[in-house]
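What follows is one structure encoded as structure tokens, with my remarks underneath.
Worth knowing before you read on, the calculation uses all heavy atoms, side chains too, and leaves out hydrogens, waters and symmetry mates. All values reported here derive from a predicted model rather than from experimental measurement. Letters A, B, ... are given to chains in the order of the sequence lines, protein chains preceding strands, and every chain is numbered from 1.
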Amino acid sequence: MTATSTTTREAEPTALHTPVIDWFDQHARDLPWRRPEAGAWGVMVSEFMLQQTPVNRVLPVYEEWLTRWPRPADLAAEAAGEAVRAWGRLGYPRRALRLHGAAAAIAERHGGDVPKDHHQLLALPGVGEYTAAAVASFAYGQRHAVLDTNVRRVFARAVSGSQYPPNATTAAERKLARMLLPEDDTTASRWAAATMELGALVCTARTPSCGGCPIVDLCAWRGAGSPAHEGPPRRGQTYAGTDRQVRGKLLAVLRESTRPVERAALDAVWHDPEQRSRALTGLLTDGLVERLPDGRYRLPGTD
DNA sequence: CAGTCGTGGTT
DNA sequence: TAACCAAGACT
């Protein structure tokens, strides 16, 4: 026997794998981007949409996009403004612009196929550390540490014994995630999806369902008596009255209009002229809005 | 590294 | 009801 009798009471890193993956086999949601027919492009589209937007709101828009633009080249052939319009009310519409840009880069540089290489993925607009790892892992079955907010919370609790992870991803978290990663690609990919799902369904931020957790007996946070988060409040951003709200209102007008709109129509969305102007300038700078020679406005490239 | 960037459901 | 939260990226 490999007598790995440790003197500590810490579980072996691999002790978490089987219960979490078995739980995933039983409880994984049947999401469209997890089905084989989704392909790498489906996975990539879903990852963009899921950046800061809940699954339930993504589902219908995802279906629309994949039906309308089944391949990256299909999206790349459209005006960027069409992507912004089809983004609907998912929020953070710059993601639509970036996804359109990623599709164009894939069409031009990668022969129309979502690249498999992690470094090439990272080079695409809108693809950061998380999304590159997620696409490589979920679409191509590669072995990557996939650190999203769910996984970070699961690790913070189960391993580090904290209620919440740090505000920003730390080097220590990356190191831990790599240490916990199963050796073979297939299991690692499964592990990534399973830990994410566990965080989304059981080990939730507000009120975790520890009764249904497959690793509750191994959880360091539970073992410590579920201590409350220490330190300053983790976030706090009001939305009402911010430039973001004004930008949202402006863009909503343009999204819903097939035709270019007059400046007056945009001015009607907000009372404060200064903030209005600042928001519109920001949208123009970001490339989310286009100003025509006649002074009207529209989503970029739309007729 | 902290600020910015949408939107809507839940507590 | 105000605050929190949701598969982040970018500057």
Does a side-chain N or O from Q52(A) land closer than 4.0 Å to OP1 or OP2 of dG8(C), or not? yes

For Q163(A) and W221(A), does a side-chain donor sit closer than 3.5 Å to a side-chain acceptor? no

Taking only N and O in the side chain of R278(A), is any of them less than 4.0 Å away from OP1 or OP2 of dC5(B)? no

Between P on dA6(C) and CZ on R95(A), what's the gap in Å once rounded to a whole number? 15 Å

Measure the acute angle between the ring planes of H144(A) and H118(A), then classify it against the limits of 30° and 60° as parallel, tilted or perpendicular. parallel

Testing the 3.5 Å rule here: is there a donor-acceptor pair between the side chains of R263(A) and Y297(A)? yes

Could you check whether R153(A) gets within reach of a base, just the sugar-phosphate, or nothing at all, counting any heavy atom under 4.0 Å? sugar-phosphate

Using a strict 4.0 Å threshold on nitrogen-to-oxygen distance, state whether E197(A) and R34(A) make a salt bridge. yes

Identify which nucleotide among dC5(C), dC10(C), dC5(B) has an atom closest to any side-chain atom of R206(A), counting heavy atoms from C-beta outward. dC5(C)

Reading DNA chain C from 5' onward, which residue's closest nucleotide shows up sooner: L122(A) or D148(A)? D148(A)

Figure out the CZ/P separation between F48(A) and dC10(C), and round it to whole Å. 8 Å

Where along residues 124-135 of chain A does a heavy atom fall under 4.0 Å from DNA chain C? P125(A), G126(A), V127(A), G128(A), E129(A), Y130(A), T131(A)

Any side-chain N or O of R94(A) below 4.0 angstrom from OP1/OP2 of dG6(B)? no

Got a list of side-chain donor-acceptor pairs under 3.5 Å for residues 178-188 of chain A, not counting sequence neighbours?
residue : atom : partner : partner atom : Å
D184(A) : OD1  : T187(A) : OG1          : 2.7
D184(A) : OD2  : T186(A) : N            : 3.4
D184(A) : OD2  : T187(A) : N            : 3.0
D184(A) : OD2  : T187(A) : OG1          : 2.8

OP1 or OP2 of dC5(C) sitting under 4.0 Å from any side-chain N/O of Y164(A)? yes

Between W41(A) and W69(A), is the ring centroid distance below 6.0 Å? no

Separation of the P atoms in dA7(C) and dC5(B), to the nearest angstrom: 22 Å

When we call it a touch if two heavy atoms are under 4.0 Å apart, what does R57(A) touch: a base, just sugar-phosphate, or nothing? base

Rounding to a whole Å, what distance do you find between L97(A):CG and dG8(C):P? 20 Å

L121(A) CG to dG8(C) C1', straight-line distance once rounded to whole Å: 16 Å

SB check D113(A) R71(A) (cutoff 4.0 Å): no

With rounding to the closest Å, how many angstrom separate the P atoms on dG6(B) and dT11(C)? 14 Å

For the pair D267(A) and R276(A), find out whether any cationic side-chain nitrogen is under 4.0 Å from an anionic carboxylate oxygen. yes

On DNA chain B, check which nucleotide each of Q51(A) and A168(A) is closest to and give me the residue with the more 5' one. A168(A)

Do the side chains of E256(A) and R85(A) get close enough for a salt bridge, i.e. N-O under 4.0 angstrom? no

Among the nucleotides dG6(B), dA7(C), dT7(B), whichever has the atom closest to the side chain of A200(A) is dA7(C)

Looking at the base of dG6(B), is there any donor atom on it, or on the side chain of T53(A), that sits under 3.5 Å from an acceptor on the other one? yes

Using a 4.0 Å cut-off on heavy atoms, which residues in residues 254-273 of chain A reach DNA chain B? List them by number, or say none. R255(A)

